[in-house]
Amino acid sequence: MDRLLSAYAKANPKLRRPDVWTHKSADSAMPSLMFAKADMGPITRAFSPAELAPYDHQYRGDMMKAPFVVTIGRLADRSATIAVNKRPDAPLPERVRKFLDFALSDKGQDALAGLPGLKLLGASERLAERAKLQGFVAPLDPGLPAYRPVAGLSGVIRSVGSDGMKDLVDGWECRFAVLQPGVSKGERWEHFGTLNGFHAMLAEEADLAPMGRELWPQEAAAWRSVFASPSPVEIRVARGGFNTPQRTTAQAIFVHPDNPLRAVTLAQLRGVFGANPTITRWGQLGLTGDWAERPIVVRMPPRVAPNAVSFQMLLGMAGWNAAAREAPIQPTAQAVLGDPGAIAFGGLEEGLPGLRALDVARDGAQPPVAMNADNAASGRYPLTRFMYIRLANGKPSAATLQFLRYVLSREGQERVRYSGYFPLTAGEAAQELAKLTALEAVP
């Protein structure tokens, strides 16, 4: 690692030496990664079950069962590797990706040449390892404001909520604590699930509740019952992912590959999936010939499933098509694959090979937008979703409001790019910052 750093510094003269560069033992790799004390954990052995079990528990919400491992060389009976934290669907942080890419480059491998017992990788091996480093990185809106620390700020912040946002929220807090050293985590700082966060707010045990989805109608009703106010203040802090397994993701509209339909509008989707459907045949969506009178077979997950509730809220539907056939995710996808007349929805990762996702238009006056990473990240695709932080009842503390200002800043949104989710646009962040300004003005 010292050789690589020295060579990397020569190739990048403006590089600042890392704050932490310690290599005591292979046994320190996993703890350093598990508690985010290091970006990289060099190790020349496989992680043991006793190491993987707590790591899996620590990062279960981010679906990280084991660190992401890149091989940079071979030893007699094992590999020389560098392990990092990486969600299955997220890109590597740029600084980490560049260092690992350098380690696999000609200059990086040259720096390792001559180390006792180390065999350099062949060209095909290096190519395969470098391919693992690639991933879509959403652009950051240059209009996002920089965070400006506040002098003399102090206080504690309690946060309870989504396990799928745990790593992201922890990262925000870690950097915020550097910028605002007078602010610390409160007695409760735990992220086991969105429902936990909502109930913590009802019990007045949290100042913030990171929640990876829309507020459900029954939750809004519970809030009104407890606090006699319409709903909690909610701040959008990120856009949902593109194909984030089991997490907040844009919704795809699936049809059979033989179906000639290419696009649909939001109003048409309401007409197909909503209560008292107004669209029941494919001809009503513009298909002709044998397709004109073919019935639309509506498939969906159980209506109480989280993605079904979210889809209903995205479209603003009061209820569901009574003829919709409900089944778990995989059987639903299989049913669409076996029926040319079927239609369904779900996260892109929930489809099966062969299914086709329709383009979606907000209305008939706007062009349809394809379901892909770029369109989901920008918000052009209409069925994208948001991640939220909801606030406890009453006026938030100055520390809480400043933490949220950091989250909505350029620095805070930069961290979102590597979380499996997407950053907000400057316009969206401005809308949320206006909410904070209004809260600050409350007596």
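When reading the values below, keep in mind they use all heavy atoms of this one structure, side chains included, and skip hydrogens, waters and symmetry mates.
Proximity of a side-chain donor or acceptor of Q251 to a complementary backbone N or O of L383 within less than 3.5 Å is not detected. A donor-acceptor pair under 3.5 Å links the side-chain atoms of R417 to the main chain of A138, judged by distance alone. No donor-acceptor pair closer than 3.5 Å links the side chain of Y381 to the backbone N or O of A373. The backbone N or O of I43 sits less than 3.5 Å from a side-chain atom of T81, completing a donor-acceptor pair. Panel note: side chain T384, backbone R380; no donor-acceptor pair is recorded below 3.5 Å.
Ion pairing of E94 with R97 is present here, as a side-chain N (NZ or NE/NH1/NH2) and a carboxylate O approach within less than 4.0 Å. Using a 4.0 Å cut-off between charged nitrogen and carboxylate oxygen, E219 and R213 count as a salt-bridge pair. Under 4.0 Å is where a charged nitrogen must lie from a carboxylate oxygen, and between E414 and R175 no such pair does.
With values rounded to the nearest 0.5 angstrom, Q334 atom CD is found 10.5 Å from R299 atom CZ.
Ring centers of F273 and F311: under 6.0 Å apart, within the cut-off. Aromatic rings of F136 and F242 (six-membered ring for Trp) have centroids beyond the 6.0 Å cut-off, not under it.
For CG of N276, the number of neighbouring non-hydrogen atoms (other residues, nucleotides, ligands) closer than 6.0 Å is 12 at most. Around atom NZ of K435, more than 12 heavy atoms belonging to other residues, nucleotides or ligands sit under 6.0 Å away. Shown here is Q218, whose CD atom has more than 12 heavy atoms of other residues, nucleotides or ligands within 6.0 Å. Open room surrounds CG on D290; 12 or fewer heavy atoms of other groups in view lie less than 6.0 Å from it.
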Query raised in the report: Which is it for D207 and R188 under the salt bridge (charged side-chain N to carboxylate O under 4.0 Å, His left out) test, yes or no, and what are the steps along the way?
Result: CA-CA 9 Å; D207 304 304; R188 290 200 182 277; over 6 Å; no
Query raised in the report: Checking side chain to side chain contact (heavy atoms under 4.5 Å, CB included) for the pair V272/N321: CA distance, chi angles, key distance, verdict?
Result: CA-CA 7 Å; V272 171; N321 184 335; 5.5 Å; no
Query - Full working for ring-ring contact (aromatic ring centres under 6.0 Å, His included) between W223 and F227 - result: CA-CA 6 Å; W223 182 272; F227 296 117; 4.5 Å; yes
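Taking the salt bridge (Lys or Arg N to Asp or Glu O under 4.0 Å) definition, one finds that D167 meets it with nothing, sequence neighbours left out.
Defined by atom type and a distance below 3.5 Å, a donor-acceptor pair is missing between the side-chain atoms of R303 and Q312.
Ring geometry for W189 versus F403: interplanar angle over 60°, hence perpendicular rather than tilted (30 to 60°).
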